[in-house]
Enquirer: 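First the structure, then my questions, so here it is.
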Amino acid sequence: MNWISQQQQDRDHRGLRHVCSACGHEESPKNPLVVTADGWRVHRSHTTDPTDGFYGKTQKGDIR
């Protein structure tokens, strides 16, 4: 089951749903936000870069 962390829900309610929790930049068509295994919204590039702490940590189903 996919889920969003309480901290991310709080960010969403403050108007930061389209802002990456990792770097603070907005999502873009070329680098959309995905949800991590811990329930945070981060750029897809963070999860595909082997040198990044979010590497490979997306939820199954890749919800936004």
Side-chain angles (χ1 to χ4, degrees):
M1 179 174 174
N2 294 321
W3 66 282
I4 302 292
S5 70
Q6 184 61 54
Q7 295 89 344
Q8 181 62 58
Q9 290 178 45
D10 293 343
R11 286 175 49 84
D12 292 353
H13 294 301
R14 291 193 318 264
L16 298 172
R17 187 188 190 294
H18 300 286
V19 177
C20 178
S21 294
C23 69
H25 293 102
E26 289 194 17
E27 69 179 331
S28 70
K30 291 184 179 181
N31 199 9
L33 298 181
V34 296
V35 180
T36 68
D38 296 332
W40 293 98
R41 295 185 204 282
V42 301
H43 287 113
R44 181 178 306 281
S45 63
H46 292 296
T47 66
T48 58
D49 179 354
T51 65
D52 194 292
F54 289 106
Y55 178 67
K57 296 186 179 183
T58 56
Q59 291 184 28
K60 292 186 193 281
D62 196 22
I63 64 170
R64 294 186 194 175

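None of these values were measured; they are calculated from a predicted model. Along the sequence shown, the residues carry numbers beginning at 1.
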Enquirer: Picking from Thr36, Val34, Val35, what satisfies side chain to side chain contact (heavy atoms under 4.5 Å, CB included) with Thr58?
Expert: Val34

Enquirer: Would you please name every residue forming a side chain to side chain donor-acceptor pair (under 3.5 Å) with Thr48, sequence neighbours left out?
Expert: none

Enquirer: So, for Phe54 and Ala22, which heavy atoms are closest and what is the spacing to 0.1 Å?
Expert: CE1-CB, 3.5 Å

Enquirer: Asp12: what forms a side chain to side chain donor-acceptor pair (under 3.5 Å) with it, not counting sequence neighbours?
Expert: Gln8, Arg41

Enquirer: With sequence neighbours excluded, tell me which residues meet side chain to side chain donor-acceptor pair (under 3.5 Å) with His18.
Expert: Glu27

Enquirer: Which residue pairs pass the ring pair (Phe, Tyr, Trp, His ring centres under 6.0 Å) test when at least one of the two sits in residues 27-47, sequence neighbours left out?
Expert: His43-His46

Enquirer: How is the hydrophobic cluster of Val19 composed, in terms of its other members, when Ile, Leu, Val, Met, Phe, Trp and Tyr link through side-chain heavy atoms under 4.5 Å apart, directly or indirectly?
Expert: Leu16

Enquirer: Could you state the interatomic distance from NZ (Lys57) to CG (Asp52), rounded to the nearest 0.5 Å?
Expert: 9.5 Å

Enquirer: Please enumerate all residues that pass side chain to side chain donor-acceptor pair (under 3.5 Å) together with Thr51, with sequence neighbours excluded.
Expert: Asp49

Enquirer: For Arg44 and Asn31, what are the C-alpha separation, side-chain angles and deciding distance, and is it a side chain to side chain contact (heavy atoms under 4.5 Å, CB included)?
Expert: CA-CA 6 Å; Arg44 181 178 306 281; Asn31 199 9; 4.0 Å; yes

Enquirer: Would a 4.5 Å heavy-atom cut-off, applied to side chains only, mark Cys20 and Leu33 as touching?
Expert: yes

